[in-house]
Amino acid sequence: MNDYGVLTAPDTLRLERLLPGPIERVWQYLTESDKRATWLAAGDVEQRVGGKVEHTFRNSELSPEHDIPPPKYADCAGDVAMLGKVTACEPLRLLRYLWNAGSAEESEVSFELSPHEDQVKLTVTHRRLTNPAERLSVAGGWHTHLNILRDRLCGNTPPGFWRVHTQLEQEYAERLAG
């Protein structure tokens, strides 16, 4: 399995990770604020269709490095809030919700869990990424966040978010160009 995301359609990015289980534990890291805050963003997820999803991103705090965002992302220093709305929820299998709900950049992300030998396969699919710059940022962002999730689940200390994201965004600029 390759860590890099792939475009499955011009506006759809898919990434996969094999994670240590059990599935119940990975589900908690997707839905419980305190656990999700360690790799993505804090905030409540109402596990029902139509439920509210809250994100408070603190990317500089996802690692002990506490790195700062590059100038391009200076507006992402500190707390960054984002709202979503659940469009599908099948506990321990599927969570899908609107990302940036109600904004001009509204898109949709899904998390699918399935057993894979003695691990859990997590598939993240982000749809409706129509802006190329946004698609590039999202690709680097998901790749970085999912690596942090894997580090957390394996008991490892992740490297600084912004340092890794900057490198991956450059790599995705080449990978997604053609």
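Excluded from the calculations below are hydrogen atoms, water molecules and symmetry mates; all remaining heavy atoms, backbone and side chain alike, are included. Positions are given from 1, in the same order as the sequence printed here. If you're wondering where the values come from, they're calculated on a predicted model, not measured in any experiment.
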Trainee: Between Asn100 and Ser103 (side chain of the first, backbone of the second, donor and acceptor by atom type, cut-off under 3.5 Å), is there such a pair?
Mentor: no

Trainee: Side chains of Glu174 and Gln170 only: does a donor on one sit below 3.5 Å from an acceptor on the other?
Mentor: no

Trainee: Keeping the roles fixed (side chain from Asn59, backbone from Phe161), state whether a donor-acceptor pair exists under 3.5 Å.
Mentor: no

Trainee: Arg25 vs Leu19, test: side-chain contact (heavy atoms from CB on, under 4.5 Å). Steps then yes/no.
Mentor: CA-CA 10 Å; Arg25 179 177 178 226; Leu19 304 170; over 6 Å; no

Trainee: Same cluster for Leu176 and Val164 if Ile/Leu/Val/Met/Phe/Trp/Tyr side chains link at under 4.5 Å?
Mentor: yes

Trainee: Please check if the side chain of Glu46 supplies one atom and the backbone of Lys52 the other of a donor-acceptor pair under 3.5 Å.
Mentor: yes

Trainee: Taking side-chain hydrogen bond (donor to acceptor under 3.5 Å, both in side chains) as the test, write out the residues that go with Arg152, two or more places apart.
Mentor: none

Trainee: Side chains of Asn156 and Arg150 only: does a donor on one sit below 3.5 Å from an acceptor on the other?
Mentor: no

Trainee: Locate the shortest heavy-atom distance separating Leu92 from Ile23; write the atom from each residue and the value.
Mentor: O-CG2, 3.3 Å

Trainee: So do the side chains of Leu149 and Leu40 get within less than 4.5 Å of each other, counting heavy atoms only?
Mentor: no

Trainee: List for me each residue that meets ring pair (Phe, Tyr, Trp, His ring centres under 6.0 Å) alongside Tyr172, sequence neighbours excluded, and say none if there are none.
Mentor: Tyr4, His143

Trainee: Checking salt bridge (charged side-chain N to carboxylate O under 4.0 Å, His left out) against Arg96, which of Glu90, Glu112, Glu108 comes through?
Mentor: Glu108

Trainee: List the residues meeting side-chain contact (heavy atoms from CB on, under 4.5 Å) with Val124, not counting sequence neighbours, and say none if there are none.
Mentor: Val109, Phe111, Leu122, Trp142, Leu146

Trainee: So that I can tick it off, tell me whether Arg58 and Asp79 are bridged by a salt bridge, with the cut-off set at under 4.0 angstrom between side-chain N and carboxylate O.
Mentor: yes

Trainee: Of all heavy-atom pairs between Cys89 and Leu95, which one has the smallest distance, and what is that distance?
Mentor: SG-CD1, 4.3 Å

Trainee: So His126 and Trp99, would you call those rings parallel, tilted or perpendicular, with 30° and 60° as cut-offs?
Mentor: perpendicular

Trainee: Which distance, rounded to the nearest 0.5 Å, do you find between the CG of Asn147 and the CG of Leu15?
Mentor: 9.5 Å

Trainee: Report the C-alpha separation of Val86 and Arg48 in whole Å, then their side-chain angles, then the decisive distance to 0.1 Å, and conclude whether the side-chain contact (heavy atoms from CB on, under 4.5 Å) test is met.
Mentor: CA-CA 7 Å; Val86 175; Arg48 59 177 177 77; over 6 Å; no

Trainee: Closest approach of Trp39 and Leu30, non-hydrogen atoms and distance?
Mentor: CZ2-CD2, 3.8 Å

Trainee: Do Thr56 side-chain atoms and Ala81 backbone N/O form a donor-acceptor pair below 3.5 Å?
Mentor: no

Trainee: So, the side chain of Thr166 versus the backbone of Trp162: is there a donor-acceptor pair under 3.5 Å, distance only?
Mentor: yes

Trainee: Please round to the nearest 0.5 Å and tell me the distance separating atom CG of Leu113 and atom CG of Leu94.
Mentor: 8.5 Å

Trainee: If you take all heavy atoms of Asp44 and Ser33, which pair is closest and at what distance?
Mentor: OD1-CB, 4.3 Å

Trainee: Once you round to the nearest 0.5 Å, how far does CD of Gln28 lie from CD of Glu24?
Mentor: 8.0 Å

Trainee: Ring-plane angle category for Tyr97 and His55, please: parallel below 30°, perpendicular beyond 60°, tilted otherwise.
Mentor: tilted

Trainee: Going through the distances and angles, do Glu16 and Arg14 end up as a side-chain contact (heavy atoms from CB on, under 4.5 Å)?
Mentor: CA-CA 7 Å; Glu16 298 175 331; Arg14 186 186 74 229; 3.7 Å; yes

Trainee: Against Trp27, only a single residue in Gln47, Arg93, Glu32, Lys35 fulfils side chain to side chain contact (heavy atoms under 4.5 Å, CB included); can you say which?
Mentor: Gln47

Trainee: What are the two closest heavy atoms between Pro158 and Asp151, and how far apart are they?
Mentor: CA-OD2, 3.3 Å

Trainee: How long is the straight-line distance from CG of Asp67 back to CZ of Arg163, given to the nearest 0.5 Å?
Mentor: 7.0 Å

Trainee: Given the rule that I, L, V, M, F, W and Y join up when any side-chain heavy atoms are under 4.5 Å apart, are Leu129 and Leu7 in one cluster?
Mentor: yes

Trainee: Do Leu98 and Val45 share a hydrophobic cluster, counting only Ile, Leu, Val, Met, Phe, Trp and Tyr and linking them when any side-chain heavy atoms are less than 4.5 Å apart?
Mentor: no

Trainee: State whether the side chain of Thr144 and the backbone N or O of Gly140 hold a donor-acceptor pair below 3.5 Å, judged by distance alone.
Mentor: yes

Trainee: Between Arg17 (side chain) and Asp3 (backbone), is there a donor-acceptor pair under 3.5 Å?
Mentor: yes

Trainee: Taking all heavy atoms of Ala101 and all of Gly84, pick out the closest pair and write down the distance.
Mentor: CB-CA, 3.8 Å

Trainee: Please check: side-chain N/O of Arg135 versus main-chain N/O of Asp11, any donor-acceptor pairing under 3.5 Å?
Mentor: no

Trainee: Quick one: sort the His165 and Tyr73 rings into parallel, tilted or perpendicular, breaks at 30° and 60°.
Mentor: perpendicular

